[in-house]
Amino acid sequence: MSDVMYSSTRGADLKVKASEAILRGLAPDGGLFVPDHIPHLDKSLEEISALGYKETAYEVMKLLLTDYTEDELKNCIEHAYDSKFDTEEIAPMTQAGGAYYLELYHGATIAFKDMALSILPYLMTTAAKKNNIKNDIVILTATSGDTGKAALAGFADVEGTKIIVFYPKHGVSPIQEKQMVTQKGDNTHVVGIEGNFDDAQTGVKKLFTDNNLAKEMNEKGFQFSSANSINIGRLVPQIVYYVYSYTRLLGEGRIAKGDKVNFVVPTGNFGNILAAYYAKAMGIPVGKLICASNSNKVLFDFFQTGTYDRNRDFVLTSSPSMDILISSNLERLIYHIAGDNAAKDAEYMKELTQNGKYAISDDMKAKLTDFYGNYASEEETAEAIRNLYKETGYVIDTHTAVASSVYSKYVKDTGDKTVTVIASTASPFKFTRSVMNAIDNADESVDDFALADKLSEMAGITIPAAVETIRNAEIRHKTVVETADMEKAVRNFLNI
Ligand SMILES: *Cc1c(COP(=O)(O)O)cnc(C)c1O
């Protein structure tokens, strides 16, 4: 078996092993690490259908993280997918309203980011050992709400690491904010910024690529890494649940051997749907990858026209984790459809930085037939929650509702009857107010926790521990800075 090596989307010179790509997070030229080839699953889908989540995870991850030993990888998997999840299935599926909802929110912070962020700290500390790293790893993360908490929960008190999270002070839900600012662990630091998610992400990227800062940090015994979905160590564990859901359907006889399934993915930074694209490349029979956007529909426009254009107003929606105008992981797709061409990708990304837009070639556009893009307005999103609840009693969150609404549009557009799996990316209890508003106009005077009680009663499900434990928790993080002062905040925390 040949090693999978990783190189930058923007330059072909550097080739590193998986563990090094995970440690670095971002390539030195600002590009993202991509595998030089995508191996095919080496067990049949029938064989995999007999496996549990952890065993499936091993089958997928061993093929892409080839420099980890079997023991190392299994050890990481064991630590990640344990009782932090409230179900042994880890990623159960519920059939409702003509689709399967793949529930990716049974982890510590009740959103799908847990699927990858519960394993990343172990992949990273294992990588540090393998590469003889003596520095403390400083995880620097920009979050639109969910990554931050999931990363904090994953890295809190992990020896040899520190984590700094930047979030848009006015762009996350009250429960998301409370989850973050109550985070325990002396190695954690949470900072609100006076800006939106793109500002936070741009600021973090700038810190990552600041060579002087890196040098100074190294002298003081620190080095940055990233827990953002640009880290290949986030992407690889996300491929697992697409393989798992497909083989579950196969094992349960809901589809036959060779049948295709569609995946609908509520999309922001393009990480989750890219994992589905890789799952297809590894041998999962996929029909369409349906990319669902909210009113920040930059990806919908891209799939329509072949032009990616971030020059537009940023809209705050009820699905804040998808309020994004620069979908970082799209760069990996651009690189692949350009024929793994780093020079071409670098050109497009330069245009994006300079003009806020780029237009791909017709050849590349022709390679996007795997995808279908559409979007849901705020009203359509609420309607999807309301209708599904009224028809089936099943409650979905706002992000999942964007996907659900887009799936209805897709069926209307195409008449396609292929079995379809919708990635359900957050528990409705994470966005309680919007969910309750959609179902029956939530009472303004009632706080989010009282609303959670009401939702629990209505949906007949107990409030997740993640919500209960922050109800009366102490607020430990109060720092808020201007975007321009992000570096200062980092220096303060690290004492450099
Ligand atoms: C992060 C997130 C998304 C978007 O996922 P990407 O991988 O960034 O496209 C969707 N829904 C929820 C709840 C999220 O937390």
Side-chain angles (χ1 to χ4, degrees), residues 32 101-117 120 141-153 165 167-168 171-173 175-176 179-180 197-198 200-201 226-239 241-242 263-279 289-294 296-300 302 317-333 371 373 375-376 381 385 396-406 422-432 434-435 464 466:
L32 278 56
Y101 286 84
L102 174 61
E103 297 178 358
L104 303 173
Y105 56 75
H106 288 272
T109 74
I110 60 177
F112 97 97
K113 306 288 195 292
D114 290 327
M115 301 304 296
L117 282 166
L120 185 67
T141 295
T143 184
S144 57
D146 289 337
T147 297
K149 179 61 189 185
L152 287 162
V165 168
Y167 73 96
V172 300
S173 86
I175 288 189
Q176 283 179 315
Q179 277 189 314
M180 287 190 279
F197 171 69
D198 287 321
Q201 184 161 254
S226 164
N228 269 83
S229 63
I230 52 175
N231 193 313
I232 197 77
R234 282 276 301 278
L235 210 46
V236 172
Q238 291 181 351
I239 302 170
Y241 47 76
Y242 290 106
F263 288 111
V264 192
V265 186
T267 297
N269 226 356
F270 210 76
N272 201 3
I273 195 164
L274 188 73
Y277 177 79
Y278 282 157
L289 298 167
I290 300 172
C291 176
S293 302
N294 65 21
N296 295 294
K297 59 182 185 58
V298 59
L299 286 166
F300 166 70
F302 171 70
T317 72
S318 59
S319 44
S321 305
M322 296 157 64
D323 289 345
I324 287 173
L325 293 181
I326 301 177
S327 299
S328 298
N329 267 295
L330 185 68
E331 179 170 347
R332 288 191 167 107
L333 181 67
F371 292 89
Y375 70 102
T381 303
I385 296 172
I396 53 175
D397 97 292
T398 44
H399 302 75
T400 310
V402 167
S404 178
S405 175
V406 163
I422 296 177
S424 183
T425 51
S427 158
F429 287 96
K430 195 148 193 176
F431 301 94
T432 317
S434 302
V435 169

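Any value given below was found using the heavy atoms of this structure, including those in side chains, with hydrogens, waters and symmetry copies removed. Whatever order the structure lists them in is the order used to number ligands and atoms, beginning at 1. Positions are given from 1, in the same order as the sequence printed here.
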- Note on the structure: The protein residues that pass the under-4.0 Å heavy-atom test against ligand 1 are Phe112, Lys113, Asp146, Pro266, Thr267, Gly268, Asn269, Phe270, Gly271, Asn272, Ser321, Met322, His399, Thr425, Ala426
- The single option from Thr381, Thr398, Asp323, Asn296 that satisfies side-chain hydrogen bond (donor to acceptor under 3.5 Å, both in side chains) with Thr317 is Asp323
- Task: Kindly say whether Phe429 contributes a backbone atom to a donor-acceptor pair with the side chain of Thr432 at under 3.5 angstrom?
- Result: yes
- Does a donor on one side chain sit under 3.5 Å from an acceptor on the other, for Gln179 and Thr109? no
- Message: I'd like to know if the side chain of Asn329 pairs up with that of Arg332 as donor and acceptor (distance under 3.5 Å, no hydrogens or angles considered).
- Response: yes
- Aromatic rings Phe371 and Phe270: how do their planes relate, parallel, tilted or perpendicular, breaks at 30° and 60°? tilted
- Other residues, nucleotides, ligands: >12 heavy atoms within 6.0 Å of Tyr375 OH: no
